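Accompanying notes for the structure given below.
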Amino acid sequence: MNSTPNGGAAPPYQNGPVGQTYPSTYPPGYYGAGPQQQGYPTISGHCAPALNKFPITNNDHSAYYHHNSHQQPIAAPTPSAYRVTQGSHPPSQPYVTLPTSVAPPNPQQAPPFQQPSPYAPHGAYHGQQQYLPSQALIYPQQLNLVSATPSSQGTPMYPIVSYPSAPGSSQYGTLRSSQAPTGPGAISNLIGAPLHQYPPGNGTSHPASTAAVPSGHSMAPPGQPATVNGQGNAVQAPVLQHYDQSHQAAMAHDHYGVTHNTGGADRDRPPSETPFTSSPGHQQGGDSSSTTTGSASPVPNSYDSLEGGSYPESSIPPSADMTKQAPPFGYGYPSMQPAYQQRPSPRTDSSPSHGRYNQTGYQHLSQPFPNMSQLSAALGGLSGVPELEVEALRPVNLLQERNLLPHRPLDAPEPNLNADLKKANCSPDTFRCTLTNIPQTQALLNKARLPLGLLLHPFRDLAQLPVITSSTIVRCRSCRTYINPFVSFLDQRRWKCSLCYRVNDVPDEFMYNPVTRSYGEPHKRPEVQNSTVEFIASSDYMLRPPQPAVYLFVLDVSHNAVDAGYLDVFCQTLLENLDKMPGDTRTRVGFITFNSTIHFYNLHESLSQPQMLVVSDIDDIFIPTHDSLLVNLKESRALVRVLLTSLPGMFSQTRETHSALGPALQAAYKLMSSTGGRVSVFQTQLPTLGAGLLQSREDPNQRSSTKGVQHLGPATDFYKKLALDCSGQQIGVDLFLLSSQYSDLASLACVSKYSAGSIFYYPSLHHVHNPAQLDKFQKDLERYLTRKIGFEAVMRIRCTKGLSIHTFHGNFFVRSTDLLSLANVNPDSGFAVQMSIEESMADTSLACFQAALLYTSSKGKRRIRVHTLCLPVVSQLSDVYAGADVQAITCLLANMAIDRSISSSLSDARDALVNAVVDSLSAYKNTVSNLQQSGLIAPAALCLFPLYVLALLKQKALRTGTSTKLDERVFAMCEFKSQPLQQIMRTVHPDLYRLDTISDEGALHLNDCIVPQPHLLHLTAEKLTREGAFLMDCGSVFYLWIGKCCNDMFIRDVLGCPNHASIPPNMTQIPELETPLSERLRALLAWLQDSRTFSSTLHVLKDDASAKTSFFQHLVEDRSESAFSYYEFLLHIQQQMTK
Amino acid sequence: MAFTFAAFCYMLALLLTAALIFFAIWHIIAFDELKTDYKNPIDQCNTLNPTVEKVKKIKRVKIALKLVLPEYLIHVFFCVMFLCAAEWLTLGLNMPLLAYHVWRYMSRPVMSGPGLYDPTTIMNADILAFCQKEGWCKLAFYLLSFFYYLYGMIYVLVSS
């Protein structure tokens, strides 16, 4: 990278950190230095710090965020809101149009437009989540501004070019993908905006530069093409694979290079003199600055990169009708900086004064503003989309309508909010409510007979996330809500909390917008523009210094375990991933093995061999030595490797059949209690010795009983108490149960349930008899070891006054009415929350929910991830039905049913599920639908409800009459409680596609490969044909079902076998053939795989008897031994309704 | 006017009921604290349950007033006293509560030690509301029975 020409990088570079602390201190000198940047203040100043910070974030968090951008594929088929809104983006318009109307008369008035110039690209980028592309865009511009010579473009563009050329370009492919759709818009804006935006300082050189800007992109000079192409590709390439973390480190270096370059650019920039005149005081501005509603475009990973300017600059007027009278206020503010430049003591004059040229903007601002009630009415989304609602309420006669399934997997319904709020709202993958229209009162909710609750996936791997470093985190003084896009700014100095309606002061620091480096636009801060943000917390948020990442592995080495052969796989996988485990230099690891005794391993770096210490007194367990059982991974890496290589051999001859799990866990607790961390327990049988020993409670004859199922609850509270102790010491326990016989998971699971761990179950895992299971175990383990982790976490869920939390579902310990204590938090666990309405919310039109997750990252940083969801409040029952989110309802009901089956009985829970359908449909029939049709009428929004509930009733967790092992049932229950919504829905109602007739119609084009998008089929054998080949996606497993008379060509092209008969019985992968069909199919599988974090296994099933059990049990619409078919179920419901 | 065994029972019941009223108030306060986020449910349940604490490391030093079992035992105790004194009406009035106590203890969550409250489920809104309601109902019941015992005592003293 050409750092030489830009050798002067240093000063601006250093400005980066300064910029970071900037908010708290406004040294006049800083502003004094401003003129240099002034000409292009927003662009220039920001790029440097952004890049500067980039590597850090990349190493730290983005690595994980990017690591699995699994939500991308989801986004793909459903062009995001951004994409849609891009074309006619309100905010971008003012930038472009206003200048034209105002600028010409007076050169003095030009400057305001000079300010916005950087915004134009940003505004255009609105939907683009990545700093990367915007940097790419900005650089050329900057340079051109500097020297307007195309030749100079070469150097700074280097970094840009370097991205795609890096091995992990796919990563950036991802990034771009989100941004891609807007690409053309961005370019056009670039072209358009600068034309009106000449900074005075630049005079004539400017036209040239502006011309060059677009050219840099649209024409793609030699340096650029890669980038441009990358973006171009990305347009069709929303999916990205996985990237390797190691390579990200490499990327980091590239970024450093970038920084230097920019620095040079900064430095070379000619200072611009911006004329300054004082303007109306800030009060006036205050009046006008109203509610902000942000754009949802997520932004770069750190505050500083936010400063880099990829941040979308749009202040969106609260409602459509206000757009005209009130142009974006922020528009005027940026020019405040000039004022500071000339004023030595900006602090003393807290009212930002605006440049004279800004008056034009101001005149707009000072127009009478709607009062609060009008505002909130406007905010309430009353201007929503009635068509949608009408569609959602369209009555559907379930008995007649046969094809209810949409062609593509169902999306979350969009809340009926106005476009701006909708855009700012939290992603439905992260935060979802069962009713997207919140009923005003509990009475109304009761009338609707639908459950009200939230489904959360708070620690999801995100492809991009704005990370904010700020010395004060702005929160409501009374309810402690974090500032969010749904608060309203009464004026520049005060904001009104969206949850408790308290009016708070805006701290001085918050007045400064790091994105634009301008003062006085609090409503444009990233916190107020994004509903998902992450704060780097200060020491106020720590009870103790952030803990290091500590991992303890507790391994069963009894005869049973050795026989299953998991130890080899475990050691091998851990060896391979030792360096990929999240952590920093403080990371510590330890190992405990147990059979009838407990073995500790001294791994002190000074030893040449791991030293094994055996404690046989399992009744009163103690830790043999305190200093070196948990060792620093970095220092003792060699020893850890030695241990892992020798461990499988050490116990290969063991005859010990007992298992002292309880004492081993106690030992783990003692070992970890001083630090906290993660304990991973691998257990292969029923614990038979010491504390916590369990008896077999399963009666195999009762497995298929239709009566009730006993022993769903724990047999002892030993594991629960241990889990609570662990939770108190910030220890999370993850359980891997690898047993083939009954192991009383109902009791064992408690140890993970209450310590916020995860539970994995691999029934009949055996290295010889069941290699497929072992393979799955290995893949899951890999993901488990390398996934992001947060330590000593708590999550608080706040909601608008009037709403309250009723019950939580998931793995955690409920510490208080709205606070969950999570010893560990992992990106794969979801939570559900039942809500109730305590007070009427008639006086408000919006309800907000905020989930704040405070955790210690694996790098020892305290961070707070905040998600805010905003939903309209309605008073009409029909609106409540129109906003029902059937998937979320199903998941919440599943959670409630599982609680019920443990606390009461399984049959009770099943009845409750059926009643939920009966009640809601009859309530709808009696109150909303005025059609006196016969048949079973449901609103379109709920038309899949009976189907999903029927599917629930046929799940392993809740079914009766079909033989189900108790452990498998309990595991299925645990999954329901702790999985995120998408995963649950795939398990409950798998997606079925027909593959042999696959076509390219509607296919996605991603990175050179074509991903076909076959239509969803109903889960009934009726849809299967002997001639067809079908793919069923059950979440954790894919089934490829090949019909008896399936086209030989398909079999040959895809499976590489000559005909149906020659397909091997246990095929678990598709060979990589060069045929187009095979490529399509593998692309589809890879694409589906990308939408989940754990890899799914593929089973190729031939149409014969062996396939029946595994495949046909998922065909939930068909009649099974003891359960209704879908039609029978509908009739049953109808019958219940008439009772 | 004679000091019979029945009169003694009433006097004892009077005193013990005063203690029970105190317990009930304590119970209400405890759950209110839980609801208002003042206390950790683990600590609170440890306070309420007479568990034998060996493993637990509760930081906060607290006068561990183990409420549940003493309350039940006191109530059973004076019920037995009334039985011995052949005060059938009084015994009859106390039977529902006695039965409730037995049922409540039988249907407690799985626990190794004695006790009623499970810290993992106590924060469930339904259970919390139930426990609070239980506290208020008991308070009312004990207050009424306090005056009834007072009346009963005087009546026995006067009539005999």
Side-chain angles (χ1 to χ4, degrees), chain A residues 480 543 620-621 662 665-666 669-670 673-674 691-692 711-729 746-747 750 753-756 794 796 804-821 833-836 838 896 899-900 902-904, chain B residues 28-62 64 66 68 103-133 135:
Chain A
R480 309 300 293 150
L543 291 172
D620 186 16
I621 195 80
L665 285 173
Q666 285 174 334
Y669 167 67
K670 285 188 179 171
S673 55
S674 57
H711 308 307
L712 290 171
T716 160
D717 69 341
F718 171 82
Y719 294 98
K720 184 167 76 185
K721 278 162 101 180
L722 191 76
L724 293 183
D725 292 338
C726 287
S727 176
Q729 301 300 321
S747 305
C750 289
K753 251 186 211 166
Y754 302 114
S755 64
V794 288
R796 197 181 284 275
S804 74
I805 292 169
H806 188 275
T807 311
F808 291 99
H809 301 277
N811 289 353
F812 46 68
F813 171 60
V814 190
R815 175 67 183 63
S816 149
T817 40
D818 58 351
L819 184 70
L820 301 180
S821 138
V833 184
Q834 264 171 271
M835 314 282 304
S836 55
E838 295 212 320
M896 291 159 70
D899 268 6
R900 178 74 74 89
I902 293 172
S903 66
S904 175
Chain B
I28 291 167
I29 292 173
F31 279 96
D32 201 57
E33 278 176 337
L34 260 187
K35 198 170 189 178
T36 52
D37 196 5
Y38 180 71
K39 265 189 186 164
N40 185 331
I42 300 183
D43 294 356
Q44 194 65 286
C45 290
N46 287 337
T47 319
L48 293 170
N49 295 335
T51 36
V52 188
E53 283 310 317
K54 255 188 175 174
V55 204
K56 294 255 160 88
K57 293 192 179 64
I58 307 299
K59 297 275 160 34
R60 208 181 308 173
V61 182
K62 203 182 275 189
K66 312 297 188 185
V68 175
W103 170 81
R104 185 91 166 86
Y105 207 79
M106 298 302 282
S107 62
R108 73 196 187 113
V110 177
M111 270 188 196
S112 47
L116 273 184
Y117 303 106
D118 177 355
T120 57
T121 56
I122 193 89
M123 293 310 296
N124 182 312
D126 285 337
I127 295 181
L128 203 58
F130 173 81
C131 290
Q132 271 185 314
K133 211 178 286 168

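Since the model is a prediction, treat every value here as computed from it, not as a measurement.
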Which atoms of [X] are under 4.5 Å from chain B, going by heavy atoms: the side chain, the backbone, both sets, or neither?
X	result
A/Thr817	both
A/Ala723	neither
A/Ile805	backbone
A/Lys753	neither

Note to self: Checking side-chain polar atoms at under 3.5 Å, does A/Ser804 have a donor or acceptor matched by the opposite partner on A/Ser836?
What the structure shows: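 Per modelled atom types, A/Ser804 and A/Ser836 side chains form a pair under 3.5 Å.
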Note to self: Tell me which of these, B/Ile127, B/Leu128, B/Thr121, B/Asn124, has more heavy-atom pairs under 4.5 Å with chain A than the rest.
What the structure shows: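 Max contact count across the listed options: B/Asn124.
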Notebook entry, point to check: Can you pull the salt bridge (Lys or Arg N to Asp or Glu O under 4.0 Å) pairs that have at least one residue in residues 103-115 of chain B, sequence neighbours excluded?
Noted result: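 As it turns out, the salt bridge (Lys or Arg N to Asp or Glu O under 4.0 Å) pairs with a partner in residues 103-115 of chain B, which skip direct neighbours, are B/Arg104-B/Glu134.
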Next item on the list: Please identify each residue that fulfils salt bridge (Lys or Arg N to Asp or Glu O under 4.0 Å) with A/Arg900, with sequence neighbours left out.
Entry: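 Salt bridge (Lys or Arg N to Asp or Glu O under 4.0 Å) check on A/Arg900 returns A/Asp908.
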Notebook entry, point to check: How long is the gap from CG on A/Asn811 to OG on A/Ser727, to the nearest 0.5 Å?
Noted result: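 Result: 11.5 Å between the selected atoms.
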Notebook entry, point to check: Minimum heavy-atom separation for B/Tyr117 to B/Phe31, with atom names?
Noted result: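 Of all heavy-atom pairs spanning B/Tyr117 and B/Phe31, the closest is CE2-CZ, 3.6 Å.
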